[in-house]
Amino acid sequence: MAKELTSRSENYSQWYNELVVKADLAENSAVRGCMVIKPYGYAIWEKMQAQLDFMFKETGHVNAYFPLFIPKSFFSKEAAHVEGFAKECAVVTHYRLKNDPNGNGVIVDPDAKLEEELIVRPTSETIIWHTYKNWIQSWRDLPILVNQWANVVRWEMRTRLFLRTAEFLWQEGHTAHATKAEAIEETFKMVNVYADFVEQYMAVPVIKGHKSANERFAGALDTLCIEALMQDGKALQAGTSHFLGQNFAKAFDVQFANKEGKLEHVWATSWGVSTRLMGALVMAHSDDHGLVLPPKLAPFQVVIVPIYRSDEQLADITKKVDEIIPLLKARGISVKYDFSDAKKPGWKFAEYELKGVPVRLAVGPRDIENGTVEVARRDTLTKEVVNFVGIDQYVEDLLENIQQTIYKKAFDFRAEKTTSVDTWDEFKEVLENKGGFISAHWDGTPETEQKIKDETKATIRCIPMDAVEEEGLCVYSGNPSNKRVLFAIAY
RNA sequence: CGGGGUAUAGCACAGUCCGGUAGUGUACCUGGUUUGGGACCAGGGGGUCCUAGGUUCGAAUCCUAGUGCCCCGACCA
């Protein structure tokens, strides 16, 4: 049992780290705080990327690419923005190395100091709004609906694979609009795209809502988000969509002539999801045997393992497998036939469970004799022997069933871990013993939110969009409140 | 940047207290037997014991200084 995982319940963090490494998703690199995404992990990310990109295009967006480096002066133009990111920026100060005169390798050439330092982008609002100034003169130039797939760097103190790394891959949409209403509509539209993606493809249920002022993006007037619950009862922010108002347009002097010929500042949004979604995917579904991947994102949905003693038996099995594969492929199902003789069947079973392959077919001499196939599903770890005839339909239905089953499991888990509380004692008790989301009244002030955070580490994850109007008293201050918000300990 | 821990084979670790030829598991290589849930037997390769200095006949082990990494805080998608 070379790859046995630490149990989820024993040490969730360790379980997560081991799983990410052993399932070949990613590993820590030699570079501080950075991560190597391995081919299997990247294959999952590519599937996410492809689907998201499709959804962005469906909603009218196009892709572009902006520079990695941002002149320092751009950064200081939006006050809240610089305050939010200044503490975690990587800065380029020189442009050349030279041989160390003392013979110790190379050193930074002190003569090659940049006149203006360059910031490695932690996010691209500033460089993009600087660019948009040249793109926008008239109402006819609007809206601009651009997305960028890129890497960004945030110099985090402590990092965790996928959840928080110094460099990460993401997409960032940056849109410009003629009216406030249109920009707000875009902000909602994109948070809905994210929610649809995470729920339908990742099979992770999310809560859509607004961030409180404390948690809002630096430079935004409103931040919409989707929040997911992990199996250890901690919340994970899975995506954000910001209504930026006219802040960046004013900071970068981006105005357009409206239909009346008058100059107005444009209205902006930005929205992003990152490789952090990979962390959400792992933590939401996996178990002590390894990953559980939703069929819609698995690099291959079905693995076929032959069981044989002799070469003749393998030939017979392969002949049958060669009939199955085209049937599955015709239904758009991706298949891997692992006929390698380097590993034994038992090893392969364990390995593909670790990697989260949704469906495994085992074909051995008994099956050849009986005209059957053994079908194992990853999510429930159950096995069935089914007829070879109609196997393609069976697997197609099974994949759909798995996709829905793991969503439902995550949904039920979240429902069970969401608690409505009305007193401060209850709040602390639930947080400590049960975890998960706590639905409670809040007086709406940043001070109260901060005090709750200081005392319990819990933060307001969001003010749910579908929160019902309800008279109540703040769970901490006792001041009046008109709706419940969601608290949790967050990643 | 505070508090704690740790550094020995690709990986996980023992050996350190009490100085005396560098070990175990796993992975890797070769051969054979195996193959319906991580096979077994035999043989083999692989080490600046984090770095520098000191004590000693002799240091992975003791002393001094430095460095890396991990965990817990502060910071954060």
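Since the structure is predicted, the reported quantities are computational estimates derived from the model, not experimental observations. Note that these values count all heavy atoms, side chains included, but never hydrogens, waters or copies made by symmetry. Residue numbers start from 1 in every chain, and the chains themselves are labelled A, B, ... in the order their sequence lines are given, proteins ahead of strands.
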K.L.:
Say you pick atom C1' in G58(B) and the same atom in A14(B); how far apart are they, in whole Å?
P.N.:
23 Å
K.L.:
Is there a Watson-Crick or G-U wobble partner for C17(B) with both distances under 3.5 Å, and which nucleotide is it?
P.N.:
none
K.L.:
Please state the P separation for the pair G31(B) and G36(B) - nearest whole angstrom.
P.N.:
22 Å
K.L.:
Tell me: OH of Tyr12(A) to C1' of C71(B), nearest whole Å?
P.N.:
19 Å
K.L.:
Extract from the structure each pairing of a protein N or O with an N or O of nucleotides 5-14 of chain B at less than 3.5 Å, listing the distance.
P.N.:
none

K.L.:
Write down the partner of C62(B) under the Watson-Crick or G-U wobble criteria, each distance required to be under 3.5 Å.
P.N.:
G54(B)
K.L.:
For C57(B) versus U21(B), give the span between their C1' atoms, rounded off to a whole number of Å.
P.N.:
16 Å
K.L.:
What residues, two or more places apart in sequence or in another chain, satisfy side chain to side chain donor-acceptor pair (under 3.5 Å) together with Tyr16(A)?
P.N.:
none
K.L.:
When both hydrogen-bonding distances must be under 3.5 Å and the geometry is Watson-Crick or G-U wobble, what is C1(B) paired with, if anything?
P.N.:
G73(B)
K.L.:
Kindly compute the distance separating CZ (Phe75(A)) from CZ (Phe85(A)), expressed to the nearest 0.5 Å.
P.N.:
7.0 Å
K.L.:
Contact class for Phe168(A) vs. all strands (heavy atom < 4.0 Å): base, sugar-phosphate, or nothing?
P.N.:
base
K.L.:
Look at all strands and tell whether Leu163(A) reaches a base, only sugar-phosphate, or nothing, counting heavy atoms closer than 4.0 Å.
P.N.:
base
K.L.:
If the C1' atom of U61(B) is compared with that of G4(B), how far apart are they to the nearest Å?
P.N.:
23 Å
K.L.:
Considering residues at least two apart in sequence or located in another chain, which fulfil the side chain to side chain donor-acceptor pair (under 3.5 Å) criterion with Asp392(A)?
P.N.:
Arg331(A)
K.L.:
When you check the side-chain N and O atoms of Trp170(A) and Asn151(A), is any donor under 3.5 Å from an acceptor?
P.N.:
no
K.L.:
His130(A): what forms a side chain to side chain donor-acceptor pair (under 3.5 Å) with it, not counting sequence neighbours?
P.N.:
none
K.L.:
With side chain to side chain donor-acceptor pair (under 3.5 Å) as the rule and sequence neighbours excluded, what pairs involving residues 183-199 of chain A come up?
P.N.:
His61(A)-Glu186(A), Gln171(A)-Tyr194(A), Glu186(A)-Trp271(A), Asn192(A)-Lys208(A)
K.L.:
Could you tell me which nucleotide pairs with U35(B) by Watson-Crick or G-U wobble geometry, both distances under 3.5 Å, or answer none if nothing does?
P.N.:
none
K.L.:
Applying the Watson-Crick and G-U wobble criteria at under 3.5 Å, what pairs with G47(B)? Answer none if nothing qualifies.
P.N.:
none
K.L.:
Arg160(A) CZ to C71(B) C1': how many Å, rounded?
P.N.:
12 Å
K.L.:
Is the gap between the ring centers of Phe248(A) and His81(A) under 6.0 Å?
P.N.:
yes
K.L.:
Go through the side-chain N and O atoms of Thr93(A) and Glu117(A) and say whether any donor and acceptor fall under 3.5 Å apart.
P.N.:
no
K.L.:
Could you give the CD-to-C1' distance, from Glu351(A) to A27(B), as a whole number of Å?
P.N.:
13 Å
K.L.:
Please report the distance separating the C1' of G46(B) from the corresponding atom of G23(B), rounded so that it comes out in whole Å.
P.N.:
14 Å
K.L.:
How do Asn28(A) and Thr165(A) order along RNA chain B: which one's closest nucleotide is nearer the 5' end?
P.N.:
Asn28(A)
K.L.:
For the side chain of Glu156(A), counting heavy atoms from C-beta on, which of C75(B), G38(B), G73(B) is nearest?
P.N.:
C75(B)
K.L.:
What string of B, S and - do you get for nucleotides 30-37 of chain B, 5' to 3', when a contact is any protein heavy atom under 4.0 Å?
P.N.:
-----BBB
K.L.:
If we take the P atom in both U67(B) and U51(B), what is their distance in whole Å?
P.N.:
16 Å
K.L.:
Rounding to an integer number of angstrom, what distance separates G47(B) and G32(B) when you compare their C1' atoms?
P.N.:
31 Å
K.L.:
Now, which nucleotide makes the Watson-Crick or G-U wobble pair with A27(B), with each of the two distances under 3.5 Å?
P.N.:
none
K.L.:
Scan for salt bridge (Lys or Arg N to Asp or Glu O under 4.0 Å) pairs involving residues 211-229 of chain A, sequence neighbours excluded, and state none if there are none.
P.N.:
Lys211(A)-Glu227(A), Glu215(A)-Arg461(A), Glu227(A)-Arg461(A)
K.L.:
How would you list all residue pairs meeting side chain to side chain donor-acceptor pair (under 3.5 Å) that involve residues 37-49 of chain A, not counting sequence neighbours?
P.N.:
Asp24(A)-Lys38(A)
K.L.:
With both distances under 3.5 Å as the test, what is the Watson-Crick or G-U wobble partner of A7(B)?
P.N.:
U67(B)
K.L.:
Going by side chain to side chain donor-acceptor pair (under 3.5 Å), name the residues that satisfy it together with Thr418(A), two or more places apart in sequence or in a different chain.
P.N.:
none
K.L.:
Could you work out the separation of G2(B) and A9(B) based on their P atoms and round it to a whole Å?
P.N.:
30 Å
